Amino acid sequence: MTNVVDNVKNEIKKVVTDAIEKAAASGQLPPVRVNDIIIEKPREKEHGDFSTNIAMQLVREVRKNPRQIAEIIKEHMDIENTYIDRVECAGPGFINFYLTNRWLYDVLKVIHAEKQDYGKINIGRGQKVMVEFVSANPTGPLHMGNARGGALGDCIAGVLEAAGYDVTREFYINDAGNQIEKFGESLEARYLQQLPGGENVEFPEDGYHGEDIIEHAAQYYREYGDKLGDVPSEQRRKALVEYALPKNIEKIRTALESYGITFDVWFSEQSLYDSGEVQDTINYLKEKGYTYEKEGALWFKATDFGAEKDEVLIRNNGVPTYLASDIAYHRNKFVKRGFDRVINLWGADHHGHVARMKSAMKALGIDPDKLEVVLFQLVRLYRNGEIVRMSKRTGKAISLEDLLEEVGRDAARFFFNMKASGSHLDFDLDLAVRQSNENPVYYVQYAHARICSMIRLLGEEGISVPDPEDVDLSLLVQPEEIDLMKKLAELPEEIAISAQTLEPSRLTRYVTDVASCFHSFYNACRVKGEEERLMKARLLLVDCTRTVIKNVLDILSVNAPERM
RNA sequence: GUGCCUGUAGCUCAGCUGGAUAGAGCAACGGACUUCUAAUCCGUUGGCCGGGGGUUCGAAUCCCUCCGGGCACGCCA
């Protein structure tokens with residue numbers, strides 16, 4: 001739980017703050033109040049390890065040119081007993097800090113000590129947060145949108161856990177309402193078509209046309225024959241839904257499991273009706289005066305809470321809308337179950353729902369900021385440079401199972417997290433299975449396997465990873481060694497930013513960078529066969545690299561193979 | 001029409017709570033294995049950051065406007 005970069009930045013901040021105070025005391029700067037000094041990592045290596053733009057920020061208050069201010073601050077700095085080696089003023093007024101390598105050696109000590117916990121932080125402070133994702137319609141198989149949402153949601157949950165949150169992964173089963181009606185109608189039609197003379201039974205225009213519906217009906221017919229041939233339609237549909245729905249849900253669960261996703265809670269929409277929570281919620285809104293009746297329907301005054309238009313809660317046929325149950329669902333999340341924070345992952349086509357739900361939160365007296373919606377753009381699959389819509393084999397839309405079969409879990413999860421959620425994502429099926437440097441998953445996994453292999457070979461010669469106390473780390477001075485250590489130092493901050501922005505894509509980029517630094521190091525520096533003290537120092541560095549790659553891949557639930 | 005997302009190298013994308021000379025991967029081209037995994041590395045080429053205005057010491061980043069792409073605007077979910 002030690003963040004060396006943070007410590008270094010704080011040390012620099014203190015040096016700068018003290019210098020400003022001393023300059024003020026000596027009269028060279030006017031007394032200024034400095035709130036927060038921003039320490040950043042310059043893009044150019046020549047600009048030092050860290051820099052601050054404080055001099056430029058003070059221009060208005062101090063009324064000197066920034067370069068002058070920077071020089072004054074620099075002159076008053078005391079860098080005795082710090083990581084800072086030297087300081088330079090540069091450019092329009094930046095103050096650049098060049099550090100001794102000692103801080104990097106401390107990074108290795110921390111990694112070696114913390115092992116699988118290195119990188120973890122505690123900005124979450126145990127706060128209860130729910131991540132609700134996939135929540136696919138249980139009337140059919142999982143599609144590419146679910147696949148992206150699944151990878152994203154699960155990795156967001158993983159990142160939040162690493163950042164110290166108490167995370168619950170939840171799947172909302174839409175087992176009530178209109179689509180279940182349609183599901184029933186579709187099953188009924190397919191079932192009746194199975195019966196002798198049923199060839200002419202019409203299939204509902206807006207029904208589910210998929211093969212899976214036919215298979216369910218055929219299977220039911222094989223098991224129970226014409227048992228439902230002569231019963232009222234309502235009873236027939238109910239029986240078929242009760243037969244097929246659990247099978248679908250089980251298939252979804254299994255597919256997600258092989259995708260590396262395990263939900264803590266499977267929450268049934270129907271249960272909100274059964275428990276009376278939907279009705280309670282509607283009554284609550286009624287009593288508060290947030291509803292009105294029009295044309296036989298009950299409307300929610302969403303416009304009173306910032307939405308663009310009002311919404312129907314109960315249709316004129318007496319059936320509550322999806323919105324009604326969704327409001328009840330979120331009341332359940334916050335009020336009944338006490339989550340401090342709820343994150344929902346929705347496909348971008350649902351973005352219109354965000355304002356509605358936020359307005360509903362306000363009506364319920366819940367801070368709408370506690371509900372965060374991550375919208376992700378949809379996926380286009382490519383094969384041979386062309387867009388793929390249908391599975392060649394089955395002619396159906398490509399399902400998650402198809403994808404896993406073709407590219408495997410690691411590539412799927414990694415690829416879906418390479419782009420920011422708001423970006424459109426082109427998934428290149430050929431690239432995902434290619435075993436070469438073009439494929440980022442292999443690139444990272446290969447680095448890990450390569451390291452494991454090095455450690456294994458040295459182990460066979462009786463050389464094990466040394467303790468930092470037995471190593472002269474100051475021998476690590478090559479540019480490739482320095483770059484690699486700097487990269488390893490960034491992990492805690494990368495996790496913090498990923499957690500704050502809910503963007504695991506940041507971590508896939510980071511771990512690719514780590515792999516890249518490692519490969520460069522590997523080509524420039526030998527470990528085995530070097531003079532013993534140097535070999536030990538490098539072996540420790542290599543082992544720390546292994547730890548970092550493993551820790552990141554663990555958060556992403558991507559395998560870190562020891563051999564490839 | 002209104003609202004949201006988006007436009008950066010040939011391709012796919014970072015950078016967007018303003019900072020120094022705009023980055024990465026892939027593609028293209030040229031190099032590196034008798035040595036710990038060449039599924040690797042090193043180098044070169046490649047840019048009116050969609051256009052135009054504004055804000056300021058400074059804009060890919062913030063504001064306005066226009067253009068192009070996607071999505072949403074149901075008593076569907």
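So you know, we letter chains A, B, ... as the sequences are listed, proteins then strands, and number each from 1. Predicted, not measured: the structure shown is a model, and the values here were computed from it.
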With a 4.0 Å cut-off on heavy atoms, is A:Met418 in touch with a base, just the backbone sugar-phosphate, or nothing at all?
nothing
For A:Arg538, which contact category applies under a 4.0 Å heavy-atom criterion: base, sugar-phosphate, or nothing?
nothing
Do side-chain atoms of A:Asp543 reach the backbone of A:Val465 as a donor and acceptor pair under 3.5 angstrom?
no
Between B:U6 and B:C41 - P atom distance, rounded Å:
32 Å
P spacing across the pair B:G54 / B:C73, given as an integer number of angstrom
39 Å
To the side chain of A:Leu457, which of B:G74, B:A77, B:U37 is closest?
B:U37
Tell me whether the NZ or CZ atom of A:Arg450 lies within the 45° cone about the ring axis of A:Phe518 and under 6.0 Å from its centre.
no
For A:Glu311, answer base if it contacts any base atom (sugar-phosphate contacts may also be present), sugar-phosphate if it contacts only those atoms, and nothing otherwise; contact means non-hydrogen atoms under 4.0 Å.
nothing
Among B:A20, B:C75, B:C41, which nucleotide has an atom closest to any side-chain atom of A:Arg43?
B:A20
Between A:Ser453 and B:U37, is there a side-chain N or O to OP1/OP2 distance below 4.0 Å?
yes
For B:G53 and B:A72, measure between their C1' atoms and round to the nearest Å.
30 Å
Which of the following nucleotides, B:A77, B:U12, B:A14, is nearest to the side chain of A:Ala420?
B:A14
Between B:C36, B:C41, B:C4, which one does the side chain of A:Asn523 approach most closely?
B:C41
At 4.0 Å (heavy atoms only), tell me whether A:Ala447 reaches a base, stays on the sugar-phosphate, or touches nothing.
nothing
Check the angle between the aromatic planes of A:Phe133 and A:Phe263 and answer parallel, tilted or perpendicular using the 30° and 60° thresholds.
tilted
When we call it a touch if two heavy atoms are under 4.0 Å apart, what does A:Ser505 touch: a base, just sugar-phosphate, or nothing?
nothing
Would you call A:Arg546 and A:Glu562 a salt bridge, taking side-chain N to carboxylate O under 4.0 Å as the test?
no
Given B:A38, is OP1 or OP2 found less than 4.0 Å from the side-chain N or O atoms of A:Tyr522?
yes
Within less than 4.0 Å of OP1 or OP2 of B:A77, is there a side-chain N or O belonging to A:Ser135?
no
Does a nitrogen or oxygen in the side chain of A:Ser520 sit under 4.0 Å from OP1 or OP2 of B:C42?
yes
By a 5.5 angstrom centroid cut-off and a 30 degree plane limit, is there stacking between A:His424 and B:G70?
no
N/O (side chain, A:Arg315) to phosphate O (OP1/OP2, B:C76) under 4.0 Å
yes
Hey, does A:Gly422 reach any base, or is it just sugar-phosphate, or nothing, if we go heavy atoms under 4.0 Å?
sugar-phosphate
Consider the side chain of A:Phe94, meaning its heavy atoms from C-beta on, and name the nucleotide among B:U40, B:A20, B:C71 that approaches it most closely.
B:A20
Assign A:Ala348 to base, sugar-phosphate, or nothing according to its heavy-atom contacts below 4.0 angstrom with the strands shown.
sugar-phosphate
Can you check whether A:Arg434 has a side-chain N or O nearer than 4.0 Å to OP1 or OP2 of B:A39?
no
Among B:C13, B:A39, B:A77, which nucleotide has an atom closest to any side-chain atom of A:Lys419?
B:C13
Among B:C13, B:A39, B:C75, find the nucleotide with the atom closest to the side chain of A:Glu295.
B:C75
Among the nucleotides B:G74, B:U37, B:A72, which one has an atom lying closest to any side-chain atom of A:Arg563?
B:U37
Base, sugar-phosphate or nothing for A:His519? Non-hydrogen atoms, less than 4.0 Å.
sugar-phosphate
Euclidean distance for C1', B:C71 against B:A77 (whole angstrom)
16 Å
Inter-nucleotide P distance (B:U21, B:A59), Å rounded:
11 Å
Return no unless some side-chain N or O of A:Asn178 is found under 4.0 Å from OP1 or OP2 of B:A77.
yes
Considering every strand and a 4.0 Å limit on heavy-atom distances, what is the contact class for A:Glu40: base, sugar-phosphate, or nothing?
nothing
Hey, does the side chain of A:Tyr443 come within less than 4.0 Å of B:C41's phosphate (OP1/OP2), counting only N and O?
yes
Looking across every strand, which nucleic acid part, if any, lies under 4.0 Å from A:Val59 by heavy atom: base, sugar-phosphate, or nothing?
nothing
Gap in Å between the two P atoms, one belonging to B:C48 and one to B:A22, rounded
13 Å
Just checking A:Asp426: base, sugar-phosphate only, or nothing, at a heavy-atom cut-off of under 4.0 Å?
sugar-phosphate
Does a nitrogen or oxygen in the side chain of A:Arg509 sit under 4.0 Å from OP1 or OP2 of B:U12?
no
Scan A:Asp310 against the nucleic acid and name what it touches under 4.0 Å (heavy atoms): base, sugar-phosphate only, or nothing.
nothing
Using a 4.0 Å heavy-atom cut-off, does A:Cys525 contact any base of the nucleic acid, only the sugar-phosphate backbone, or nothing at all?
base
Please confirm whether any donor atom in the side chain of A:Asn96 sits under 3.5 Å from an acceptor in the base of B:A20, or the reverse.
yes
Using a strict 4.0 Å threshold on nitrogen-to-oxygen distance, state whether A:Arg86 and A:Glu88 make a salt bridge.
yes
